[in-house]
There are 2 protein chains.
Amino acid sequence: MSFEGQPPAKMRLLRAAAELLANSAGAPVSTRQITQLAGVSAPTLYHHFGDKEGLFDAVVSAGFEEYVAGERDFAPSGQPLEDIRRMWDNHVQFGLNQPELYLVMFGNIRPESRPAIVADAEALMEEMLNKAAAAGQLSVQPREAARSILAANVGVTLMLIAEPVVDRNLDLSTMTRDAMIYAVSSDQAEQNGSGDSGRSSVVVAAIALNAALQASHSDQLSSSELKLFLEWLHRISTSPT
Amino acid sequence: MSFEGQPPAKMRLLRAAAELLANSAGAPVSTRQITQLAGVSAPTLYHHFGDKEGLFDAVVSAGFEEYVAGERDFAPSGQPLEDIRRMWDNHVQFGLNQPELYLVMFGNIRPESRPAIVADAEALMEEMLNKAAAAGQLSVQPREAARSILAANVGVTLMLIAEPVVDRNLDLSTMTRDAMIYAVSSDQAEQNGSGDSGRSSVVVAAIALNAALQASHSDQLSSSELKLFLEWLHRISTSPT
DNA sequence: GCAGTTCATATAGCGTTGCTATAGGTGCTA
DNA sequence: TAGCACCTATAGCAACGCTATATGAACTGC
């Protein structure tokens, strides 16, 4: 997190607050700790930031801008939905790397003090989804999809933060992520991310197709063909992960 | 919120805390306010609840147990997925009715102080999902689905709480809810509401499986089997709507 | 080169917070 | 009635967020 370009005391306050917040492990961070670490007196803090929350907002803004900047640096992959997956994962990683910052941002949001950051995050997500919509891959409004996906993203990240580090399981994130994208995209063949989630997506798709075939009395295959088809389907569905 | 059966001072503390918390509009509630309203002195609070957070936990527990009780009173509709929708809506409504309580429960959860309530909520959701799984309507493990849905549910509720009351739009909740259930359920023709995808679920599933197979290099079928399998898949995928 | 203004920082301390060391009362069982 | 838990109160500590006030430095206009 860099705070260049700020007057020295202001910058040192930001740095001190960020550092203490990052290492506080849930304990509240006091203004006295911050001003002491910054080598500065109390009124300086209030001169620059108004109050404690103002300082924290500034820290969060800086952190979030960095996150957004990193987000934008991704070369678009040409697959908007893939970009959105990467965005989701980045969001989760940001939260897990800086849980205190994240809790300040998304854990304590209230109507009267809603950080503009939430709106920024929504806008960023919407921007990505616009590309997906332009490519005909979206079945709902980009704005609504963005809000929906972001809400789920926040919920998942908070849940993961709340879990003891040892049994944090990112499958929760992957699964929810894909569920949201799946539900929002029109071209569901786009699904299944590259890499390690590929196989389990095959299984899911096979399960879905299996169930769909059972219910639909499709007549595209003869009964003998169908029998063999279902057998293969079963073999795929029960393949080891 | 009822606290019957408690010793008088303890009960009055719980009631006072609940009332102040409900009307605090985001402002922090002090132990002095609570003890004064309860007509009790400070040490009494600490005797019964250990510390402030202990008291808040107790308030939250009582509120949540009431919510759970109401949840269980629903006569099962026979359509598990419909019950889950109702459960989701109830959760959101609970959060919007008691935002302060809700933020204490889900907004500030940390590994070292994770309320057992989250686990309870997960268990409750899982219980419902088990019925769906028994009815063959689930394409993923009930436990994972429960965690995933609950995470999204929490995220949506927090987002709605963060919004000014005037432009709160429950469509965010409905859409995310249906997206999660849609993605988690096996029988996607079962979906109501936005079933406007046009294509039959068989086709969608076949397309999905096709794409998934292309990307995953599955070795569950021999190359000749796979060739025929894909051909059939293609035939299903291109069947007339 | 100097007065006026503005910005940045410091000393000291106010009121409130969460919490506790200590002790007194109350009602039960023996 | 003695003893013993349990519950509650008085008084006060250390830490908190924050501010009234004052001092120094840097720039501005003449």
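Below, chains carry the letters A, B, ... as their sequence lines are ordered, and counting in each starts from 1. Side chains are part of it too, since the values below use all heavy atoms of this structure and drop only hydrogens, waters and symmetry mates.
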Which residue lies more 5' along DNA chain C, comparing Gln33(B) with Gly39(A) via nearest heavy atoms
Gly39(A)

Rounding to a whole Å, what distance do you find between Lys52(B):NZ and dT20(C):C1'?
17 Å

State whether Thr44(A) places a side-chain N or O below 4.0 Å from either non-bridging phosphate oxygen (OP1 or OP2) of dT9(C).
no

Side chain of Arg32(A) - closest among dT17(C), dT10(D), dG17(D):
dG17(D)

Closest nucleotide among dT8(D), dA12(C), dA9(D) to the Ala9(B) side chain:
dT8(D)

Roughly how many Å is it from CD in Glu53(A) to P in dC16(D), rounded to a whole number?
18 Å

Can you tell me if His48(B) touches the phosphate of dT8(D), counting only side-chain N or O atoms and a distance under 4.0 Å to OP1 or OP2?
yes

With a 6.0 Å cut-off (strictly less than), is the heavy-atom count around CZ of Arg143(B), excluding the residue itself, greater than 12?
no

Is the distance from OP1 or OP2 of dA8(C) to the nearest side-chain N or O of His47(A) less than 4.0 Å?
yes

Looking at Thr31(B), I'd like to know whether one of its side-chain N or O atoms comes within less than 4.0 Å of OP1 or OP2 on dG18(C).
yes

Minimal non-hydrogen separation, Tyr46(A) against Ala42(A), with atom names
CD1-O, 3.1 Å

Taking CD1 from Ile34(B) and C1' from dT17(C), how many angstroms apart are they, rounded to a whole number?
12 Å

Using OP1 and OP2 only, check whether a side-chain N or O of Tyr46(A) sits under 4.0 Å from dC18(D).
yes

Could you give the CG-to-C1' distance, from Leu45(A) to dC18(D), as a whole number of Å?
10 Å

For the residue pair His91(B) and Phe106(B), categorise the inter-ring angle as parallel (less than 30°), tilted (30 to 60°) or perpendicular (more than 60°).
tilted

To the nearest Å, how far apart are Arg12(A) CZ and dA8(C) P?
13 Å

Provide, to the nearest angstrom, the distance between the CG atom belonging to Leu13(B) and the P atom belonging to dC19(C).
14 Å

Criterion side chain to side chain contact (heavy atoms under 4.5 Å, CB included) against Phe49(A), the qualifying member of Thr44(A), Asp57(A), Leu14(A)
Leu14(A)

Specify the separation, in whole Å, of atom NZ of Lys10(A) and atom P of dT9(C).
11 Å

If you count heavy atoms of other groups shown closer than 6.0 angstrom to CD of Gln141(B), is the number above 12?
no

Send over the distance from Asp51(B) CG to dA15(D) P, rounded to a whole Å.
18 Å

Nearest-nucleotide check on DNA chain D, Pro28(A) vs Pro43(B); residue mapping nearer the 5' end is Pro43(B)

For Ser30(B), which contact category applies under a 4.0 Å heavy-atom criterion: base, sugar-phosphate, or nothing?
sugar-phosphate

